[in-house]
Student: 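Quick one: the structure is below, and I'll ask about it shortly.
Values in this document were obtained by computation on a predicted structure and should not be read as measured data.
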Amino acid sequence: AGVAAEVASASTPAWPPRRRAREGAPNVVVVLLDDLGFSDLSPFGSEIATPAVQELAETGYRFTNYHSTPVCSPARAALLTGLNPHRAGFASVVHADPGFPGYVMEIAEDVPTIAQSFRESGYATFMVGKWHLTTESKMNDGADKSSWPLQRGFDRYYGSMDGFTTLFHPHRLVSDNSPVTVDDYPDDYYLTDDLTDRALGMVRALRANDADKPFFLYFAHHAVHGPIQAKRQDIEKYRGAYERGWDHVRSERFARQVHDGLFPAATEPAPGDTPWDDLTDAQRDLFARYMEVYAAAVDNVDQNLAHLLDELRELGEYENTIVVVASDNGGTGEGGPEGTRSYFSQFVQLAGLPADWERDVDRDPDLIGGPRVHAHYPAGWARVSNTPFRLYKGSTYEGGIRVPLVVSWPAGLPRADGDDGIRPQYAYVTDLGQTLLELAGVPRAASPHEVDGRPFASVLRDASSVPARTTQYSEFAGNRAYSRGPWKIVTAHRWGDAYDDAEWRLYDTSSDPTELVDLAAEDPELVAELAEEWRRAAWWNAVFPLGGDGSLFTRRRSTELALERPVTLYPGTATLERFRSAKLTKLRSFDIVVRADFGSGDGVLVAHGDQGGGYALSVRDHMLELAYNEYGRMHHASAPLGPLETAGESEVLLRFVAEPGLRWRVSAWAGPTADDASPLFELEPVLQLLGMAPFTGISVGLDRGGPVDWDRHLLRRSDPFQGALRWVRYVPGERAPENPEVIIPVEAAVARIYE
């Protein structure tokens, strides 16, 4: 008995004890949208139909001075931990991993999330949607999962761990701690709908077993991050709605904002982009289509929110549920001045791109928004999304960091007579999660780290209450800002430029919220004073080193080299995770060796990628075929199987040779190596797949998820190989000459410390 007790003690994790939730504790629902601008919801001036959010705002509270971070991962870390983003380890999105304290890209084990706090206090904790808080090298199935949602306080999770995904064919879904294998998505599949169904399923399962236990639901939408996609019936609802152009729509949104009391009538909106009337007829038609799709995606989010709220009413729990709707950062200009139908090509920011690099492969505009096109709207519409502010995502000007926030709790925060629910007090994303804990009466889980978040519950209860915070720093990629009361200093830093105090601009945001009148020359002493306060905050929050030259994105830890070793994949293996797959192919030469009985059947042997870019090798009608999707432009090569058809089990080599100009020369050979004989076929040099492409990882024996070749998909769906396939082996080769990565020898540094 003593031995058994000792073994049990040694093998049982020391979980914090769960308290019983206090009687009548409210449910808490956080709905977070991705890259949604300040004015994209109807309570903030939009023409887009969002009646569910409108209802929450009309019975609850909307903040006009709520700020987030310039990009998404830092915002999510700050919301969930209450720590400023750099202190939480997220100076940027998790695609950077240089090893500095502010760039750890994981929440430290001794920093509790609000999910952990809710769970310790007796709540059920659920999450659906985008996580994006695990460093890329640890998102694969063999990685340490200590930073995955279930290990950070959630009882259940369903969604994509990555920063974004497509809405018709998600590149990778995870349920709890395991990948979800979907060979063929139904034609009517749409991720936003799926996430809502999963969230409702979690709530219903809880109520089937416990009628009283409160729940915390963190619903982190992938919409409306690029690529923008929407259901056809929703797009049709907005057909023709944006033909008048972005100048007109922006003016109307601002007029509604002033009418609703969000801004004083004397406010002057920031200037827009290229005047709509200066565009050609073809440009106007194309650009309007992009915005129809964007509006449809926002509309669908609201439809799904209405579905969730109706479920709460059906359960009799709507009145006692705190519901929050917010965005993680401002609308994005990453579509460029003309938008793109080749999102991953437009996404590439590598120096030295060849002159013929195609950022927008010309395709039928009617395909925009559907599963065949990975698109994003032009920057002119991003300005509309961020009405009335300057710039967009990535900037520390208001367009990048001031976002909508709606808070509703009918039972606990009823509006007083005469209260319009508008709250102009300053609030920051670190404050939001801590406010939810305070409202729910949930203590923060034990931690040695003091939170930066300051609850603003008093502001919700009293419109005249002073703001919980008066100062806040901001930084992303060298762009900096600091607010103290009405004063704000800000920079628009260009990569490679020197950092100096001459960059600072000064604005009085109480009278000039759109940052039009730079007062730096009039009050250099105040600029210097605020700049020094920014520096002190930056040191305290582990902001340095600044990443304004892009180098922090090219420095990679040597621990990632293990992901570049040759790997053999067998039929039945789950689709290899995106980053794991990319380490075998990105910015380098590589070989793919396929061992199979090629004459034993038709189908896909190996596929990597989707409609945004990829390649697939298959057998059909006695032919060996390669389909190469060059960001939407298709290339094909094929050859008769010839002796391979009767050779039994044999091998084919598919070789990708990196050439100058960011191209691959692709050839296929009968046998495991290229010899002096002629190849089976060669493909003319094609652009290498970069900028998150190929997005869907490697599948063996079928083309799982988003298809590489749409025409083949229509005929055969995932097209599993019907013959005998033994394995597929990836052998990474030399790095391309344009590969900018610098490997940091982490293991050697650690060894020196211990020595």
Student: Check this for me, if you would: do Glu564 and Arg735 make a salt bridge, where the nitrogen-to-carboxylate-oxygen distance has to be below 4.0 angstrom?
Tutor: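 Between Arg735 and Glu564 there is a salt bridge, with a charged N closer than 4.0 Å to a carboxylate O.
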
Student: State plainly whether the residues Glu106 and Lys138 are in salt-bridge range, i.e. N to O under 4.0 Å.
Tutor: yes

Student: So Tyr628 and Tyr615, would you call those rings parallel, tilted or perpendicular, with 30° and 60° as cut-offs?
Tutor: parallel

Student: Test side chain to side chain contact (heavy atoms under 4.5 Å, CB included) on Val700 and Thr573 and set out the steps.
Tutor: CA-CA 7 Å; Val700 172; Thr573 302; 5.7 Å; no

Student: In terms of heavy-atom contacts, does NE2 of His636 have more than 12 from other residues, nucleotides or ligands at under 6.0 Å?
Tutor: yes

Student: Taking the side chain as C-beta and beyond, is there a heavy-atom pair between Val728 and Leu605 under 4.5 Å?
Tutor: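 Counting from C-beta outward, Val728 and Leu605 never come under 4.5 Å.
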
Student: Do you know which two heavy atoms are closest between His132 and Cys72, and how far apart they sit?
Tutor: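 The pair with the smallest heavy-atom distance is ND1-SG, 3.5 Å.
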
Student: Using the ring-ring contact (aromatic ring centres under 6.0 Å, His included) definition, which of the options Phe164, Tyr631, Tyr377 pairs with Tyr343?
Tutor: Phe164

Student: Of all heavy-atom pairs between Asn177 and Lys145, which one has the smallest distance, and what is that distance?
Tutor: O-CE, 3.5 Å

Student: Around atom CZ of Arg717, are there more than 12 heavy atoms of other residues, nucleotides or ligands at under 6.0 Å?
Tutor: yes

Student: For His376, is there any backbone N or O sitting under 3.5 Å from a side-chain donor or acceptor partner on Thr340?
Tutor: no

Student: Between Asp328 and Lys393, is there a salt bridge with N-O shorter than 4.0 Å?
Tutor: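 Judged by the 4.0 Å cut-off on N to carboxylate O distance, Lys393 and Asp328 do not form a salt bridge.
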
Student: Does the Lys NZ or Arg CZ of Arg198 fall within the cation-pi geometry relative to Tyr158 - under 6.0 Å from the ring centre and within 45° of the axis?
Tutor: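 Geometry flag: set, cation within 6.0 Å and 45°.
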
Student: Mark yes or no for whether Arg580, through its side chain, and Leu563, through its backbone, hold a donor-acceptor pair below 3.5 Å.
Tutor: yes

Student: Going from CZ on Arg729 to CG on Leu584, what distance comes out if it is rounded to the nearest 0.5 angstrom?
Tutor: 13.0 Å

Student: Indicate yes or no: does Glu136 engage Arg578 in a salt bridge with an N to O separation below 4.0 Å.
Tutor: yes

Student: Does Arg655 pair with Asp591 as a salt bridge, N-O distance under 4.0 Å?
Tutor: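 Between Asp591 and Arg655 there is a salt bridge, with a charged N closer than 4.0 Å to a carboxylate O.
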
Student: Once rounded to the nearest 0.5 Å, what's the spacing between atom OG1 of Thr192 and atom CG of Asn304?
Tutor: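 Interatomic distance, Thr192 OG1 to Asn304 CG, rounded to 0.5 Å: 6.0 Å.
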
Student: Would you call Asp162-Lys130 a salt bridge at under 4.0 Å N-O?
Tutor: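 Salt bridge between Asp162 and Lys130, a charged N being under 4.0 Å from a carboxylate O: no.
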
Student: State whether the number of non-hydrogen atoms from other residues, nucleotides or ligands found under 6.0 Å of Glu741 atom CD is greater than 12.
Tutor: yes

Student: Any chance the rings of Phe168 and Tyr190 have centres within less than 6.0 Å?
Tutor: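 Aromatic pair counts; centres sit under 6.0 Å.
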
Student: Holding to side chain to side chain contact (heavy atoms under 4.5 Å, CB included), I want the full list of residues that pass it with Ala91, two or more places apart in sequence or in another chain.
Tutor: His86, Tyr103

Student: Kindly indicate, with the supporting measurements, whether the criterion side chain to side chain contact (heavy atoms under 4.5 Å, CB included) is fulfilled by Glu625 and Leu617.
Tutor: CA-CA 6 Å; Glu625 299 182 341; Leu617 184 68; over 6 Å; no

Student: Any non-hydrogen side-chain atom of Trp664 less than 4.5 Å from a side-chain atom of Glu659?
Tutor: no

Student: Any ion pair linking Glu649 and Arg726 (charged N to carboxylate O, less than 4.0 Å)?
Tutor: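 Salt bridge: yes.
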
Student: Could you pull out every donor-acceptor pair under 3.5 Å between side chains of residues 686-697 and any protein atom, sequence neighbours left out?
Tutor:
unit_1	atom_1	unit_2	atom_2	d
Gln688	NE2	Arg663	O	3.2
Thr696	OG1	Asp610	OD2	2.7

Student: Do Arg588 and Glu734 sit within salt-bridge range, that is, some charged N less than 4.0 Å from a carboxylate O?
Tutor: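 Salt bridge between Arg588 and Glu734, a charged N being under 4.0 Å from a carboxylate O: no.
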
Student: Would you call the rings of Phe344 and Phe347 parallel, tilted or perpendicular, where under 30° means parallel and over 60° means perpendicular?
Tutor: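 Rings of Phe344 and Phe347: perpendicular, as their planes differ by over 60°.
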
Student: Do the ring planes of His169 and Trp710 sit parallel (below 30°), tilted (30 to 60°) or perpendicular (above 60°)?
Tutor: perpendicular

